[in-house]
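Chain A is the first sequence line, chain B the second, and so forth, proteins listed ahead of strands; every chain is numbered from 1. What you see is a predicted model, and the numbers here were worked out from it, not measured in a lab.
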Amino acid sequence: MTLGTRRLFPTIDASKSVDLHSLFPHCNSLRHLQQLHAQILIHGIHLSNLLGSKLADSYFASGHSHYARQAFDQMPSKNPQSWNTMLSGYLNTNTFSEILPLYQLYRAENQNTNSYSLVFIIRACTKLSLKEGKSIHSEAIKFGLETNTYVSPSLINMYHELGSLEDAEKVFKQAPLLNPTICGLMMKGYSKASMDLEVVECFDKMKELRVQLNPCAAVCLARAFGNLAAAKQGRAIHALFIKSALMASNVYLQTSLLDMYMKSGFIECAHKLFGELPCKDIVSWSTMVARLAQCGRGYESLLTFQGMLEESIIPNAVTLSSVLLACSHLGSLLQGKSTHGYILRHGIELDIVAYTALLDMYAKCGSIDMAYKVFDQMQQRNIFTWTAMIGGFGMHGMVSRVLDLFHQMRLVNEMPNSVTFVSLLSALSHSGSVQKGIECFKSMNRDYGLSATNEHYSCMVDLFGRAGLIEEAETLIKNMPIEPSASVWGALLGACRIHKHGELAEQVANKLFALDHDMSDTHVLLSNIYGASETWEMVKKTREKMNERDLQKTLGFSSIEVDKKVYVFGVCDTSKSWDSRIAGLWNVLSIHMKEISFIDFQSRENDVDEVIEEIVYGCTQKFAITF
DNA sequence: ACGTGGCTCG
């Protein structure tokens with residue numbers, strides 16, 4: 001140890017080690033610490049466990065683990081606290097590999113262990129492996145510390161972090177007394193595993209045993225109700241949180257509740273809560289931006305993003321991927337490009353998720369070339385990236401690119417998931433590639449062990465249906481190992497419509513009515529099918545049935561931007577908002593479309609008539625948002 | 001001098 005040329009510390013009487021203690025808070029650099037270290041050695045006070053540990057702790061805090069270890073090794077006799085200081089230091093500096101060997105040394109010198117050490121080791125094992133975790137668990141059992149107040153929550157946390165919920169439950173059930181912390185952590189485990197019902201069950205148990213809620217449990221509960229889209233119960237727990245004084249100054253809980261309301265469609269409640277938040281951070285803003293985009297309120301999402309920028313909150317990759325999602329929902333290439341520009345101007349680093357959202361935006365806004373450019377330039381790609389690009393080519397009708405990309409993906413050993421196959425099948429269906437579609441559908445299970453979901457079956461029914469292979473479609477549905485969903489029957493109904501199978505359509509529609517889902521679309525479709533086959537009596541009946549049941553057609557909309565204005569078209573009866581130029585252009589276009597048989601199948605010609613008929617479309621104008 | 005957690009994105 002060399003001393004600096006200038007002494008910062010006076011020579012202190014060895015008996016007054018207290019004076020050295022008081023110098024710790026004044027060490028703001030490695031140099032200061034080393035000088036203090038020297039003084040301690042000079043005066044022989046390193047014999048003191050206390051000073052040695054404090055020194056090690058300070059070295060860790062300044063990011064110099066190596067010196068911490070040196071100070072520790074210089075202590076001739078160590079007490080449990082000094083060992084624990086080292087374990088804690090390595091844990092906090094993420095040097096997990098040092099922890100177990102150090103603990104081995106400790107145990108070689110000591111017959112005993114203690115709850116502090118165990119907690120550090122358990123936390124290290126959380127980052128290591130289940131095998132090591134289990135061995136430390138048995139160590140805890142050996143010393144009767146398994147149910148210790150600090151040890152058992154750490155064990156529960158470790159097990160669910162390592163993916164073994166069963167082991168977490170075992171520890172949870174062995175706890176002699178349920179406390180808020182243990183319950184909170186168990187709920188966190190369930191929450192991570194998307195076991196929302198179990199989260200709620202755990203909460204019910206807490207109520208029964210009168211265990212108080214803690215913030216962790218509260219957050220999990222809000223998340224669970226959000227996922228279950230059960231905002232009614234959500235409002236009740238919100239009230240409970242307020243009563244339990246959990247809400248104030250807890251941004252995490254506030255954000256979780258915000259998210260819960262948004263996920264379950266209680267937009268008003270969410271807005272109210274959002275408005276009341278005393279300090280909105282990046283996450284609460286991003287939550288609003290994300291959820292608004294996801295529920296199709298792209299314009300509001302962008303406005304919220306703008307509001308966030310006005311508050312001088314710097315968006316991150318998470319925020320921007322949601323903004324990009326809003327742009328793709330609006331179909332606004334201008335807005336999407338402007339977001340891309342914002343990212344470049346402000347040098348915001350995107351992650352793989354955000355780049356995928358950028359690619360997806362370009363694809364969905366019609367700029368497939370830009371989408372591919374982004375894809376091509378990405379340093380890393382995951383299955384979502386590949387799937388988005390495959391889907392992009394698919395929606396542009398570029399089947400050969402779809403198949404080509406899938407092939408490339410397999411060459412780099414990326415494994416397709418269920419969604420990749422939805423994109424593939426949908427592309428093959430739209431291009432009428434029946435044979436390839438069948439092969440792809442078979443391959444999904446045979447080569448990748450993925451079992452077909454209703455979405456895949458819908459694509460297949462659509463594939464057969466478009467090609468006029470109604471019988472094949474019916475057989476496929478009959479042999480489905482799972483209960484066909486409304487979308488599967490919907491695809492068959494669509495096929496009936498194309499090929500004018502009135503009778504089958506009625507049967508299928510009845511299947512759809514039997515399923516508990518939004519029936520208005522089915523009624524409309526059915527009535528259109530009758531219309532196509534000119535069975536006007538049935539059209540009338542269907543329409544009457546709709547009125548009887550008080551069903552309204554779900555409102556659809558589409559949008560386009562012209563000269564920095566976003567035109568939103570939706571079904572509504574106020575046609576005065578129509579710009580006459582747009583109306584004129586629309587007429588020209590529809591006639592032209594008919595002339596060139598724009599619709600892929602001859603039999604779908606009547607679609608065009610129908611669209612023209614529905615020129616009760618209104619148009620609202622919104623200005624592009626600048627940021 | 002050493003110990004138990006929480007929110008947003010494809």
Side-chain angles (χ1 to χ4, degrees), chain A residues 21 24 48-58 60-61 71-72 75 79-89 91-92 114-123 148-158 160-161 179-189 191-192 214-223 226 246 250-260 262-263 281-291 293-294 315-326 328 350-361 382-389 391 419:
Chain A
H21 271 291
F24 274 100
S48 142
N49 277 310
L50 193 58
L51 276 173
S53 304
K54 250 189 150 166
L55 200 52
D57 197 42
S58 306
F60 272 122
F72 175 74
M75 299 192 316
N79 66 4
Q81 283 94 327
S82 36
W83 284 95
N84 288 336
T85 303
M86 289 307 291
L87 293 174
S88 161
L91 184 71
N92 293 327
N114 60 73
S115 63
Y116 282 84
S117 307
L118 287 176
V119 169
F120 296 131
I121 311 294
I122 293 167
R123 284 180 56 192
N148 174 278
T149 330
Y150 292 101
V151 174
S152 65
S154 308
L155 281 171
I156 294 174
N157 188 54
M158 174 190 79
H160 72 63
E161 287 277 339
N179 63 38
T181 309
I182 292 189
C183 293
L185 284 169
M186 196 61 233
M187 284 162 88
K188 186 187 155 203
S191 188
K192 268 193 86 142
N214 71 352
C216 177
V219 166
C220 295
L221 200 55
R223 244 178 85 115
L246 285 165
N250 190 336
V251 204
Y252 291 99
L253 188 52
Q254 292 159 357
T255 313
S256 304
L257 275 170
L258 196 66
D259 196 40
M260 176 195 77
M262 287 301 288
K263 262 190 194 156
D281 67 354
I282 171 114
V283 183
S284 37
W285 277 103
S286 302
T287 302
M288 285 305 278
V289 174
R291 295 294 177 212
Q294 280 165 20
N316 60 20
V318 177
T319 328
L320 284 156
S321 54
S322 302
V323 175
L324 290 165
L325 181 70
S328 39
L350 297 188
D351 57 11
I352 198 165
V353 179
Y355 272 120
T356 304
L358 183 65
L359 173 172
D360 195 50
M361 178 280 294
N382 62 17
I383 186 57
F384 293 95
T385 319
W386 287 94
T387 304
M389 197 62 237
V419 182

Of all the choices, [options], which nucleotide is nearest to the side chain of [X] once you look at every atom?
X        : options              : answer
A:Ser154 : B:dT4, B:dG6, B:dA1  : B:dT4
A:Asp360 : B:dG6, B:dT8, B:dG10 : B:dG10
A:Tyr252 : B:dG10, B:dG6, B:dT4 : B:dG6
A:Val119 : B:dG10, B:dG3, B:dG6 : B:dG3
A:Ser88  : B:dG3, B:dG10, B:dG6 : B:dG3
A:Pro153 : B:dT4, B:dG10, B:dG6 : B:dT4
A:Lys188 : B:dG6, B:dG10, B:dT8 : B:dG6
A:Asn157 : B:dG10, B:dA1, B:dG5 : B:dG5
A:Asp57  : B:dG3, B:dA1, B:dT8  : B:dA1
A:Arg223 : B:dA1, B:dT8, B:dC2  : B:dT8

Tell me the interatomic distance from [X], atom [atom1], to [N], atom [atom2], rounded to whole angstroms.
X        : N     : atom1 : atom2 : answer
A:Phe72  : B:dC2 : CZ    : C1'   : 12 Å
A:Asn250 : B:dG6 : CG    : P     : 12 Å
A:Ile156 : B:dG5 : CD1   : P     : 12 Å
A:Asp281 : B:dG6 : CG    : C1'   : 12 Å
A:Leu91  : B:dG3 : CG    : P     : 9 Å
A:Met187 : B:dG6 : CE    : P     : 13 Å
A:Ile282 : B:dC9 : CD1   : C1'   : 11 Å
A:Met288 : B:dT8 : CE    : P     : 15 Å

Classify the nucleic acid contact of [X] as base, sugar-phosphate or nothing, counting any heavy atom under 4.0 Å across all strands shown.
X        : result
A:Asn92  : nothing
A:Ala354 : nothing
A:Ser256 : sugar-phosphate
A:Gln294 : sugar-phosphate
A:Asn214 : base
A:Ala222 : nothing
A:Leu50  : base
A:Thr181 : base
A:Thr287 : sugar-phosphate
A:Asn148 : base

Exercise. With sequence neighbours left out, what residues match A:Ser117 under side-chain contact (heavy atoms from CB on, under 4.5 Å)?
Worked result: A:Asn84, A:Leu87, A:Tyr103, A:Tyr106, A:Thr113, A:Asn114
For this session: Decide, applying a 5.5 Å centre-distance limit and a 30° plane-angle limit (both strict), whether A:Tyr116 stacks on B:dC2.
Result: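 Stacking is present between B:dC2 and A:Tyr116, given that their ring centres fall under 5.5 Å apart and the planes under 30°.
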Any sub-3.5 Å donor-acceptor pair from [X]'s side-chain atoms to [Y]'s backbone N or O?
X        : Y        : value
A:Asn214 : A:Pro180 : yes
A:Thr319 : A:Asn316 : yes
A:Asn92  : A:Ser88  : yes

Exercise. Does A:Arg123 put a side-chain nitrogen or oxygen below 4.0 Å from OP1 or OP2 of B:dG3?
Worked result: no
Exercise. Within the structure, does a side-chain N or O atom of A:Gln81 lie under 4.0 Å from either OP1 or OP2 of B:dG3?
Worked result: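 For A:Gln81, the contact criterion (side-chain N or O under 4.0 Å from OP1 or OP2 of B:dG3) is not met.
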For this session: With sequence neighbours left out, write down each residue that passes ring-ring contact (aromatic ring centres under 6.0 Å, His included) with A:Phe72, or none if nothing qualifies.
Result: A:Trp83
Exercise. Do A:Asn382 and B:dG10 have a side chain to base donor-acceptor pair shorter than 3.5 Å?
Worked result: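 Looking at the base of B:dG10, it does pair with a donor or acceptor on the side chain of A:Asn382 (distance under 3.5 Å).
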Exercise. Can you find a donor-acceptor N/O pair under 3.5 angstrom joining the side chain of A:Thr255 to the base of B:dC7?
Worked result: yes
Exercise. So, are A:Glu161 and A:Lys188 salt-bridged, with charged N and O less than 4.0 Å apart?
Worked result: yes
Exercise. Are any of the side-chain nitrogens in A:Asp259 or A:Arg223 under 4.0 Å away from the carboxylate oxygens of its partner?
Worked result: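 The answer is no: the pair does not qualify as a salt bridge.
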